[in-house]
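Chain A is the first sequence line, chain B the second, and so forth, proteins listed ahead of strands; every chain is numbered from 1. Here the structure is a predicted model, which means the values were calculated and not measured.
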There are 2 protein chains.
Amino acid sequence: MTVSITDVAEATGVSASTVSRALRGRPGVSEEMRARIVAAAAELGYTASRSASSLASGRTCTIGVVVPYVGRWFFGTVLDAAEKVFSAAGYDVLLYNLGSPEARKRFFTKLPIRKRVDAVLSLLIPDPEEATALRSLDVPLATTVGGARPGFTVVGIDDRGGAESAVRHLVNLGHRRVGMISGASEPLHWTTPLDRRRGYLDVLADAGIEPDPALETDGAYTVEGGERAMSELLALRHPPTAVFAQSDEMAMGALRALRRHRLRVPDDVSVVGFDDHELSEVIGLTTVAQPVAAQGREAARLLLAQLDDPDAGPADPVEMPIRFILRETTAPPHSRRQR
Amino acid sequence: MTVSITDVAEATGVSASTVSRALRGRPGVSEEMRARIVAAAAELGYTASRSASSLASGRTCTIGVVVPYVGRWFFGTVLDAAEKVFSAAGYDVLLYNLGSPEARKRFFTKLPIRKRVDAVLSLLIPDPEEATALRSLDVPLATTVGGARPGFTVVGIDDRGGAESAVRHLVNLGHRRVGMISGASEPLHWTTPLDRRRGYLDVLADAGIEPDPALETDGAYTVEGGERAMSELLALRHPPTAVFAQSDEMAMGALRALRRHRLRVPDDVSVVGFDDHELSEVIGLTTVAQPVAAQGREAARLLLAQLDDPDAGPADPVEMPIRFILRETTAPPHSRRQR
DNA sequence: CCTAGTTGCGCAAGCGTTTGCGTTCAGATT
DNA sequence: AATCTGAACGCAAACGCTTGCGCAACTAGG
């Protein structure tokens, strides 16, 4: 049978309470006794039952992490970093992967997480009702990725500024017809696409370029979507000479579409992405880098801080630095002819 | 305060036992009463405390998933698929990300998972001691990725056959000097690199080609490693005309190295990978596709089956189909000249 | 009409910890 | 010597649920 606290108590000839205190480093146990207990516990291979201890103490030593798609690079990377911080602090991670709308709905109505976690890190942007549901858990909450929400600690980046630097780069190269591949409004209340669009429009306005709605197209933040979007742009009467994709994955899709159309990058069309995907360097994609893992780490740390210091509200929003990275997918328009 | 089972019991005027039975669909409750209880529970926003119920019942309704790197595409994808199966069946997923050796060691010595899960899906290959530790948990176990182990249900692919088809393709194209970028023995007892190497050697032998140890190099299963490995190969007096990379990520690194060396693919050097990474299609990489998500799904399903039918041992090993995919990174040697 | 079987529900004993409080006892303080 | 003070430890009551068993009330069979 599995060994319980009373077993190690008997083995040491003390009470269960003393064992409990000894093993958790609580005061009220002599060092000598503590050593004996620890030894006995080790010998018996004792591990405290989490169910029992969290039932008794009210603490679960578990953090819930909810993410839209673990499989996608961005979320996987954030999760990876956050998990390391949590587990180093002795917390376990309960993962909820809410890709499909059904899964998402089920999660937020049933809230299986209730009474199971000490805090929640949400890698997806909860809509107002979902946010309310999460708040009802009455534990510290944090979000990476845009959209300030009362009660949530949020760490993110300057999406607007990032988009500006990307588009400004294209404009400075001399491009006047700059397309954008965006991820549309799919999950409502998710402000990143909007912020990045704002940056795009800002720069155009600054440069005195009339924005053309036909140049804005939806890539759904996936490779396939980006490919489709790029094809649409190429089908235009006046296709763009440069494209700003709101994510590297969409930019990769765009590159693929361009290759299929036998157009050369950057000679015929320039492409700039956003995120600095792990493979972007491999393919030489010009992009705006954001510190993905660092965001996960930071969010995790802030959450832990909130747990340590009870009745400390959510931390102030954190904005992580971004960085424009020039690689090989951008050049002045029609550079072939100009050479 | 948080609402407990007695609250809904009082609200309905019945005992807690009846509430418990009603809410979990157990027999012994009239349909009418059940409806009333369900309604009351919903109204009060009641959720059973997992700690309490698992303490009482011994079941945790939780599956532990241990993975080396959540951030990597392969593991993220497997996890994504497995999580969906688990959560659809009402199980939560406890994630352990064991990238660093310290984290891994800590996990297997302290086994924080003990008494916390009903089953374990390991996406990393446990060495014999680790396997013993896991078995001591006394719950169903499953593994994706190579290496049969007593007590584990394993679902994998034919690594050797896959490697054979990749290398045979190169040999059939006329290549005689075929390099290999492998992930070496880093985590011991992880047979995939060995099996893939076996396939590589088989084909060479079949074709009457003397294997050259200098053509085998270590890419550590990462993009950077692949790049380094390819550079080494190119520095050889007689560099290979084709390269088999044991993973797509390493193949991508190889492509990058080739680009840096101003060599053209496939004209100067052919490259074939393994895995069919989500971005391989984007870059046109010839590769051997394995059903990654399907493996996660299948492993999860088998685990659930074992949970449903108690005292059913681990399932028979499952081998998922693989498929060679011809894209654009392979061609006959020196095809430029031959044209 | 009596018995046997079913159905619906309550009782109470756990499940393995944690923790407030009480007890004991050695040593310090007057 | 009597009292006080901590330190070290034990007691027992939670924590919120599950489940075997018991007990009515009701149905059906003879």
Side-chain angles (χ1 to χ4, degrees), chain A residues 1-38 40-41 44-62 90 92 112-118 138, chain B residues 1-38 40-41 44-62 90 92 111-118 138 310:
Chain A
M1 266 316 296
T2 90
V3 24
S4 79
I5 199 172
T6 56
D7 296 325
V8 11
E10 284 171 12
T12 341
V14 297
S15 73
S17 357
T18 304
V19 174
S20 172
R21 282 187 269 255
L23 259 24
R24 287 175 312 133
R26 283 277 128 88
V29 183
S30 69
E31 275 318 310
E32 178 207 346
M33 176 61 25
R34 190 186 303 271
R36 280 180 51 202
I37 292 176
V38 167
L44 294 176
Y46 168 73
T47 322
S49 154
R50 267 311 206 327
S51 325
S53 70
S54 70
L55 177 57
S57 70
R59 267 173 276 107
T60 63
C61 284
T62 302
D92 285 335
I113 208 174
R114 162 159 279 150
K115 301 180 194 168
R116 288 215 72 180
V117 297
D118 293 339
D138 204 35
Chain B
M1 269 315 296
T2 89
V3 22
S4 80
I5 198 172
T6 58
D7 296 326
V8 12
E10 284 172 11
T12 342
V14 296
S15 72
S17 359
T18 304
V19 173
S20 172
R21 284 186 268 256
L23 258 24
R24 287 175 312 134
R26 284 279 129 86
V29 182
S30 68
E31 274 319 310
E32 179 207 345
M33 179 53 64
R34 188 185 306 270
R36 277 180 52 201
I37 292 176
V38 167
L44 294 175
Y46 169 73
T47 320
S49 152
R50 268 306 206 335
S51 326
S53 68
S54 69
L55 176 58
S57 69
R59 268 172 276 107
T60 64
C61 285
T62 302
D92 285 335
L111 273 186
I113 208 173
R114 163 158 278 149
K115 301 179 192 167
R116 288 214 71 179
V117 298
D118 293 340
D138 204 37

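In terms of modelled atom types and a separation under 3.5 Å, the side chain of R21(A) and the main chain of R34(A) share no donor-acceptor contact. A side-chain donor-acceptor contact under 3.5 Å links S57(B) to the backbone of R59(B).
Taking atom CD on E10(A) and atom C1' on dC9(D), their separation rounds to 17 Å, with Å as the unit. One atom, CD of E31(A), and another, C1' of dC9(D), lie 15 Å apart when rounded to the nearest Å. Atom CD in E32(B) sits about 14 Å away from atom P in dC26(D), given to the nearest Å. If you measure from atom CE of M33(B) to atom P of dG8(C), you get 11 Å, rounded to the nearest angstrom. dT17(C) atom P lies 20 Å from atom CZ of R50(B), rounded to whole Å. In this structure, Y46(B) places its OH atom 10 Å from P of dG16(D), rounding to the nearest Å. The distance from atom CG of L23(A) to atom P of dC9(D) is 14 Å, rounded to the nearest whole Å. Rounding to whole angstrom units, CZ of residue R26(B) and C1' of dG10(C) are separated by 18 Å.
One side chain, T62(B) or R116(A), offers a donor N or O that lies under 3.5 Å from an acceptor on the other. Side chains of D118(B) and T60(B): a donor-acceptor N/O pair is present below 3.5 angstrom, by distance only.
Look at S20(A) and you won't find any side-chain N or O under 4.0 angstrom from OP1 or OP2 of dT17(C). In this structure, S54(B) does not reach the dC15(C) phosphate: none of its side-chain N or O atoms is under 4.0 Å from OP1 or OP2. Regarding contacts with the backbone of dG10(C), a side-chain N or O of S15(B) is found under 4.0 angstrom from either OP1 or OP2. The side chain of R24(A) places an N or O atom within less than 4.0 Å of a non-bridging phosphate oxygen (OP1 or OP2) of dT19(C). Residue K115(A) has no polar side-chain atom (N or O) positioned under 4.0 Å from OP1 or OP2 of dC15(D). Note on R59(A): a side-chain N or O is less than 4.0 Å away from OP1 or OP2 of dT19(C).
Residue whose closest nucleotide on DNA chain C sits further toward the 5' end, between V19(B) and A48(A): V19(B). Closest-nucleotide positions on DNA chain D for S17(B) and L55(B) were compared, and the one nearer the 5' end corresponds to L55(B). Closest-nucleotide positions on DNA chain C for T18(B) and A52(A) were compared, and the one nearer the 5' end corresponds to T18(B).
No hydrogens or angles were tested; on distance alone, a donor-acceptor pair under 3.5 Å links the side chain of R21(B) to the base of dG10(C). At a cut-off of 3.5 angstrom, counting only N and O atoms as typed in the model, there is no donor on one side facing an acceptor on the other between the side-chain of S4(A) and the base of dC15(C). Contact of S57(A) with dC15(D) (side chain to base): no donor-acceptor pair of N or O atoms is detected under 3.5 Å.
Contact record, V29(A) with T18(A): CG2-O, 4.1 Å, taken as the closest heavy-atom pair.
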